[in-house]
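Structure, as structure tokens:
The shown structure was predicted, so the numbers you read here are calculated from the model rather than taken from an experiment. Values below: every heavy atom of this structure, side chains too, minus hydrogens, waters and symmetry copies.
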Amino acid sequence: MDPLVTLIGALMLVISIMLSPLSSRLGMPVLLIFLVVGMMMGEDGPGGILFDDFELAFLIANLALGVILLDGGMRTRAETFRVGLRPALVLASVGVFLTASGAGLVAWWVFDMHWMAALLLGAIISSTDAAAVFSLLQGRGLHLNERVSATLEIESGSNDPMAIFLTLMLVTMIAAGGTSEGWMALLMLVKQFGIGGAVGVAGGFIVVELANRVRLTPSLYPLLVVAAGIMVFSGTNALGGSGFLAIYLAGVVVGNRPVRMMPMILQVHDGLAWLAQLCLFLMLGLLVTPSELLPLAGGGLVLALALIFLIRPLTVMATLWPFGFNRRELGFISWVGLRGAVPIVLALFPIIAGLPEAQLIFHVAFFIVLVSLVVQGTTMAPLARKLRLEVPAGEDPYRRLPLDVPAAGDHELMLFPLRGGAWESPRPLGQLRLPDNTAIAGVFRERTCYQPSPDMEVATGDVLAMFATPAMLSELGKALSGRHAPKYLAERAFFGDFVLNGDALLGDVEQVYGIEFDQLPPELSLAECFARRTKGHPVVGDKVVLGPVTLVARATDADRVTKVGLKMDNH
């Protein structure tokens, strides 16, 4: 191999990584930076690299997407499936079909394409992209309410099979001159979803068993998981199923089961997912010829804006209205129809098949992705805050270290740096409200470790070493958080001054606080008020207005609200 090739490749990675801090400063998605660096290094840019090996690009892109989906799956909590599974699956199936049809109609009108080629383009750009959604949701410090975040994450991880099915079916039909047997197309769809789902779940449990039964050097566990995940991905593709769906579900199973060295696995996989995104978007940037985008910019912009402002919102409204989303939630989900690597990868299918309008389809799909990342990606975080879809969140630990000792169970050693306004004044450790089953292991200050005692005072700059279980992470993070949240996200401003149990009865609340709840029976519990007023599953942040009082769901267990914040005078 020419050393110059590896030098240029490494240089592109270094440049992209060094430019990534611009993402938060300029409010643009970091993936867009990677894409632009790839385009700059391509044949039309100063780099002048000519790269047109579409089959190699397809192979690399598939492996990269597999790693990204595996990491995203491992970070998806099983509880989110309770909240978002049904709406996400409807959006990932019926929604993709409606999006493809609408986009195909606009493409046929704008580009004067054959109607089947237009439908193929619609199918290619119909799915939202998991890499883009996971990157923006997890990388922007956004803590959205669970109903919205669960729906977006599950949709982006599971809508690829329908898009792949539509793309493959249309590519086959166009190559065969416009004929295809309906039952064969239906069989392909069933195989994509059925085999992908079954192999993914089974493969996830096998990976868990392998990781827990085999004693390895700690650094080998992350490699075992990613290698086994790629096996699940490739094996599913070989069987005719959706490898994307399979590796995402395998990740979900692994991430929600007790697995040895799990914090280390997640930490390494975070780096692997970033490397996969870097390589993927740099390579896709190299593939495109920017000068060929200019002639289609007008039509591409019309299609992109129609997709963003018309097709996606209408699809979301048509599919999600039965599931109890409010208008703000529907508006945000409509806006976050992010297109990323998947449409560009799917656009490689017609090129590999040698279809007549393949190059046009590829460049239009690439242009759509660029517009989506610029328009939707840069505005997602501000819009979420404007629509008040965030919920209060605690501090994440700086480091999590598994103990891997049978007597410790699933306890970990977590390091929490104390920072923010709440820690400017020293506070005794004895005054901290720490959750049960946790303990302070030590306090680090100026490179010295101190033994904790109740009267020891801690402040900004100190680091607390805590023994805790992953289940306590959220509660512990809130107890040790000192950052200045936006005013409306402060605990008392968001949840109110009073915290009540979900089992509390309206009659008791009336007596204690002197409130009258008209037209509601006094034997009704606060939890039942949420069950009546909110369709589907209640989540933290849901609100029920009862006259002069607003009830805010503060904690939930399964489908029941367990803790309720009480806000007076609708503040």
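A donor-acceptor distance shorter than 3.5 angstrom exists from the side chain of Glu528 to the backbone of Ser525, with no hydrogens or angles considered. Proximity of a side-chain donor or acceptor of Arg260 to a complementary backbone N or O of Asn212 within less than 3.5 Å is detected. Asn256 places a side-chain N or O within donor-acceptor distance of the main-chain N or O of Ala78, the cut-off being under 3.5 Å. Judged by distance alone, with hydrogens and angles left aside, the side-chain atoms of Arg77 form a donor-acceptor pair with the main-chain N or O of Met74 at under 3.5 Å. Judged purely by atom type and a 3.5 angstrom limit, Asp270 has no side-chain atom pairing as donor or acceptor with the backbone of Gln267. At distances below 3.5 Å, at least one donor-acceptor pair connects side-chain atoms of Thr460 with backbone N or O atoms of Trp423. Counting only distance, with no hydrogens or angles, the side chain of Arg328 and the backbone of Leu387 share a donor-acceptor pair below 3.5 Å. Remark: side-chain polar atoms of Arg554 are not paired, donor with acceptor, to backbone N or O of Val552 under 3.5 angstrom. Tyr221 places a side-chain N or O within donor-acceptor distance of the main-chain N or O of Leu216, the cut-off being under 3.5 Å.
If you take CG on Leu500 and OG1 on Thr562, they are separated by 12.0 Å, rounding to the nearest 0.5 Å. With rounding to the nearest 0.5 angstrom, the CG atom of Leu144 is 7.5 Å from the CG atom of Leu152. From Arg86, atom CZ reaches atom OG1 of Thr151 across 11.0 Å, with rounding to the nearest 0.5 Å. Rounded to the nearest 0.5 Å, atoms OG1 (Thr128) and CD (Glu155) are 3.5 Å apart. Rounding to the nearest 0.5 Å gives a distance of 6.5 Å between CG of Asp462 and CE of Met456. Taking CG of Leu70 as the reference point, atom OH of Tyr248 lies at 11.5 Å (rounded to 0.5 Å).
When all heavy atoms are compared, the tightest approach of Ile68 to Ala273 is CG1-O, 4.0 Å. Contact detail for Thr556 and Val540: the closest heavy-atom pair is CG2-N, 4.1 Å. The shortest heavy-atom contact between Ile33 and Leu19 is CD1-O, 3.5 Å. Residues Leu338 and Gly377 approach most closely at CD2-N, 3.7 Å, considering heavy atoms. For the pair Gly541 and Val391, the tightest heavy-atom approach, listed with the atom from each and the gap, is CA-CG1, 4.3 Å. Minimum heavy-atom separation, Val544 to Cys529: CG2-O, 4.2 Å.
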Would Trp335 and Val375 count as a side chain to side chain contact (heavy atoms under 4.5 Å, CB included) if you check the C-alpha gap in whole Å, the side-chain angles of each, and the deciding distance to 0.1 Å? CA-CA 10 Å; Trp335 188 250; Val375 175; 3.8 Å; yes
Step by step, work out the side chain to side chain contact (heavy atoms under 4.5 Å, CB included) result for Leu330 and Trp321. CA-CA 8 Å; Leu330 287 174; Trp321 65 266; 5.7 Å; no
What verdict does the side chain to side chain contact (heavy atoms under 4.5 Å, CB included) test give for Leu505 and Leu524, after you've listed the backbone C-alpha separation in whole Å, the side-chain angles of each residue and the deciding distance to 0.1 Å? CA-CA 6 Å; Leu505 303 180; Leu524 199 67; over 6 Å; no
Could you walk me through whether Phe467 and Thr438 pass the side chain to side chain contact (heavy atoms under 4.5 Å, CB included) test, one step at a time? CA-CA 5 Å; Phe467 288 124; Thr438 62; over 6 Å; no
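Ring planes of Phe244 and Phe233: tilted class, angle from 30 to 60°.
Considering only heavy atoms from C-beta on, Leu272 stays 4.5 Å or farther from Asp71 through its side chain. With a 4.5 Å cut-off on side-chain heavy atoms, Leu432 and Leu464 count as touching. Contact annotation: the side chain of Glu412 never approaches that of Leu473 to less than 4.5 Å [non-hydrogen atoms, C-beta and beyond]. Using a 4.5 Å cut-off on side-chain heavy atoms (C-beta onward), Phe530 and Val564 make contact. A heavy-atom distance below 4.5 Å is not found between the side chains of Ser149 and Thr80. Using a 4.5 Å heavy-atom threshold, the side chains of Met380 and Phe332 count as touching. Under the 4.5 Å side-chain criterion, counting only non-hydrogen atoms from C-beta, Leu429 is not in contact with Pro454. In this structure, the side chains of Leu91 and Asn159 stay at 4.5 Å or more apart for every pair of heavy atoms.
Remark: the Ser372 side chain and the Gln376 side chain contain an N/O donor-acceptor pair separated by less than 3.5 Å.
A cation-pi arrangement is present between Lys543 and Phe494 under the rule of less than 6.0 angstrom and at most 45 degrees off the ring axis.
Environment of CD in Glu523: crowded, with over 12 heavy atoms of neighbouring residues, nucleotides or ligands closer than 6.0 Å.
Listed by chain and residue number, Asn145, Arg147, Val148, Phe325, Asn326, Leu389 satisfy the side-chain contact (heavy atoms from CB on, under 4.5 Å) test with Glu329 (two or more places apart in sequence, or in another chain).
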